[in-house]
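Chain naming here is simple, since letters A, B, ... match the order of the sequence lines and numbering starts at 1 in each. Excluded from the calculations below are hydrogen atoms, water molecules and symmetry mates; all remaining heavy atoms, backbone and side chain alike, are included.
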Amino acid sequence: MATGGAKREDHARLLQEIAQMLEDGLETQTEPFPETAQEFARILDELRALDPDDVKGRLVIAGFLNHPYGPDGQRCQECIYYLVHRRWCDLPELSLPVEPEWWCRLWKI
Amino acid sequence: MANLLWLQGGACSGNTMSFLNAEEPSAVDLVTDFGINVLWHPSLGMELGDNLQKLLRACVSGEIALDIFAFEGTVVNAPNGTGDWNRFAGRPMKEWVRELANVAQFVVALGDCATWGGIPATAPNPTESQGLQFLKRERGGFLGPDFTAKSGLPVINIPGCPAHPDWITQILVAVATGNAGEITLDEFQRPKTFFTSFTQTGCTRNMHFAYKVSATEFGQRKGCLFYDLGCRGPMTHSPCNRILWNRQSSKTRAGMPCLGCTEPEFPFFDLEPGTVFKTQTVMGVPKDLPAGVDQAGYIKLTGAAKAAAPAWAEEDIFVV
Ligand code: SF4
Ligand code: SF4
Ligand code: SF4
């Protein structure tokens with residue numbers, strides 16, 4: 001059974017891996033931004049079709065960036081799926097550690 | 001003694017089920033303690049065929065005083081305005097409804113179908129259904145905008161899909177015991193005592209609403225259902241978290257979003273695929289905001305609330 005400490009280490013390791021991929025210039029699909037709930041649902045369908053261990057695939061389809069996006073500076077910090085204290089994206093189709101200054105196109109307020 | 005007649009038009013019997021499950025007061029209490037004489041009801045009435053027609057005609061002629069005419073279900077006008085798709089006791093139901101409404105002291109519409117048309121009147125409305133005095137938000141309905149019952153009151157609307165058992169029996173008791181004067185109605189003719197506060201009033205997820213922590217799956221105990229799962233609690237007038245269902249719970253307490261069933265537009269978005277149980281957004285911002293909140297205010301509030309959210313708001317705090 002994983003202890004709390006081991007879980008924290010996993011979280012930190014995965015966060016570091018994701019940060020590195022984004023730092024290295026991983027090309028992700030930031031557009032089109034889903035304007036409606038129906039378009040949003042189509043992106044979720046694409047995510048559900050991925051292998052559950054395919055973290056890179058999730059980053060690409062969701063259009064991850066390691067900085068805020070757009071004129072309003074949209075970022076995880078204000079996104080409804082972001083758990084501030086756990087630094088975690090709680091959208092079931094993503095379920096990833098994320099930083100408050102990051103963004104993806106599933107952003108919702 | 002107050003005579004109650006209950007008929008059913010285009011409906012699923014949901015409000016009858018609700019009525020028969022009432023506890024405070026129960027359907028039996030209505031008869032034994034509050035002097036209501038049930039002339040006829042689809043599940044309780046003894047008369048059939050000719051005897052039923054005789055009873056209905058006696059009500060229309062005034063031979064039997066009709067104090068309360070309760071109607072459940074839509075008024076069906078199809079095909080082509082004849083109402084023949086819903087015949088009852090030898091003629092289209094709509095003809096009975098018109099004549100009985102004209103002689104009743106009080107007319108009570110029970111459930112969404114009778115109040116505003118509900119699901120049957122959803123586009124394309126093949127049954128040409130109407131509510132008694134509304135069609136969705138539009139005043140008028142089958143009886144027309146100026147209709148008043150003999151008491152002077154318009155149709156008393158008790159919406160819901162179905163209406164809560166106690167909303168039904170408490171209003172019937174108020175009317176039957178001569179306390180109708182104390183029932184004040186809102187712009188949609190709903191008793192204000194039940195339909196002024198919101199579904200959200202008393203919801204156990206209010207703290208998660210305030211700190212903008214979202215539930216992302218049905219039944220999750222943490223999080224509010226507004227942000228992702230389409231909960232209409234903040235803009236729906238109902239006492240569902242004050243007068244609990246089965247005296248135990250409510251949709252939102254059980255992790256199921258409020259569908260807004262007490263509002264005239266229900267079901268929202270004409271049930272188009274992808275609109276049920278999903279918060280409708282435009283560019284990431286909810287289309288329907290809590291009553292009285294504007295978009296700029298909402299965005300500011302979200303930023304502030306998330307920045308202030310305590311760690312416990314992210315955990316399941318219900319340990320039993
Ligand atoms: S959905 Fe996207 S923007 Fe929102 S918290 Fe998750 S990663 Fe961040
Ligand atoms: S679950 Fe619905 S009713 Fe409850 S707090 Fe959230 S929005 Fe309001
Ligand atoms: S919680 Fe909402 S959908 Fe459910 S009964 Fe109450 S008003 Fe209707």
Side-chain angles (χ1 to χ4, degrees), chain A residues 4 7-8 11 30-48 58 62-65 68-109, chain B residues 208-220 222-231 257 268-269 272-290 293-317:
Chain A
K7 264 197 213 156
R8 267 198 298 280
H11 181 287
T30 55
E31 287 178 350
F33 186 89
E35 287 186 26
T36 62
Q38 286 75 6
E39 289 168 27
F40 190 94
R42 277 195 284 277
I43 301 176
L44 294 187
D45 284 343
E46 278 183 60
L47 288 167
R48 285 189 201 117
R58 270 182 271 170
F64 267 71
L65 293 178
Y69 176 84
D72 302 330
Q74 293 176 358
R75 53 185 189 154
C76 293
Q77 169 66 28
E78 283 82 29
C79 175
I80 217 62
Y81 298 113
Y82 184 59
L83 296 180
V84 181
H85 293 272
R86 283 162 58 186
R87 297 200 159 210
W88 181 261
C89 171
D90 208 31
L91 176 64
E93 286 76 5
L94 290 178
S95 293
L96 289 171
V98 291
E99 293 284 7
E101 294 297 319
W102 293 1
W103 175 88
C104 90
R105 64 180 168 142
L106 295 165
W107 181 91
K108 221 187 223 188
I109 196 167
Chain B
H208 294 109
F209 178 82
Y211 290 122
K212 310 280 170 187
V213 177
S214 177
T216 50
E217 284 170 328
F218 298 134
Q220 262 178 1
K222 133 191 117 45
C224 160
L225 304 148
F226 173 74
Y227 303 107
D228 198 31
L229 297 174
C231 184
F268 288 82
F269 309 110
E272 282 166 34
T275 63
V276 184
F277 303 139
K278 208 64 210 160
T279 305
Q280 300 300 294
T281 51
V282 181
M283 302 304 285
V285 182
K287 234 185 199 169
D288 294 324
L289 291 172
V293 174
D294 66 27
Q295 186 168 322
Y298 178 82
I299 292 172
K300 269 192 222 138
L301 181 67
T302 304
K306 287 207 82 111
W312 57 255
E314 297 178 2
E315 309 295 333
D316 181 356
I317 56 171

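The line from CD of B/Glu315 to NE2 of A/His85 is 9.5 Å long, rounded to the nearest 0.5 Å. The distance from the CG atom of A/Leu83 to the NZ atom of B/Lys212 is 15.0 Å, given to the nearest 0.5 Å. In this structure, NZ in A/Lys108 is found 13.0 Å from OG1 in B/Thr302, a value given to the nearest 0.5 Å. Residue A/Gln38 holds its CD atom at 11.0 Å from NZ of B/Lys278, rounded to the nearest 0.5 Å. Separation of atoms CG (A/Asp90) and CD (B/Glu217) is listed at 8.5 Å; rounding is to 0.5 Å. A distance of 9.5 Å separates CD1 of A/Ile109 from CG of B/Leu301, quoted to the nearest 0.5 Å.
Note on B/Gly303, B/Pro286, B/Gly284: by heavy-atom pairs under 4.5 Å with chain A, the leading option is B/Gly284.
Proximity of A/Val84 to B/Tyr211: side-chain heavy atoms (C-beta onward) are nowhere separated by under 4.5 Å.
The two residues B/Gly274 and A/Ala37 make their nearest non-hydrogen contact at O-CB, 4.4 Å.
Of residues 307-314 of chain B, those residues lying under 4.5 Å from chain A by any heavy-atom pair are B/Ala307, B/Ala309, B/Pro310, B/Ala311, B/Glu314.
Residue contact with chain A, scored on non-hydrogen atoms closer than 4.5 Å, involves the side chain of B/Val213 exclusively.
B/Lys306 places no side-chain N or O within donor-acceptor distance of the main-chain N or O of A/Gln77, the cut-off being under 3.5 Å.
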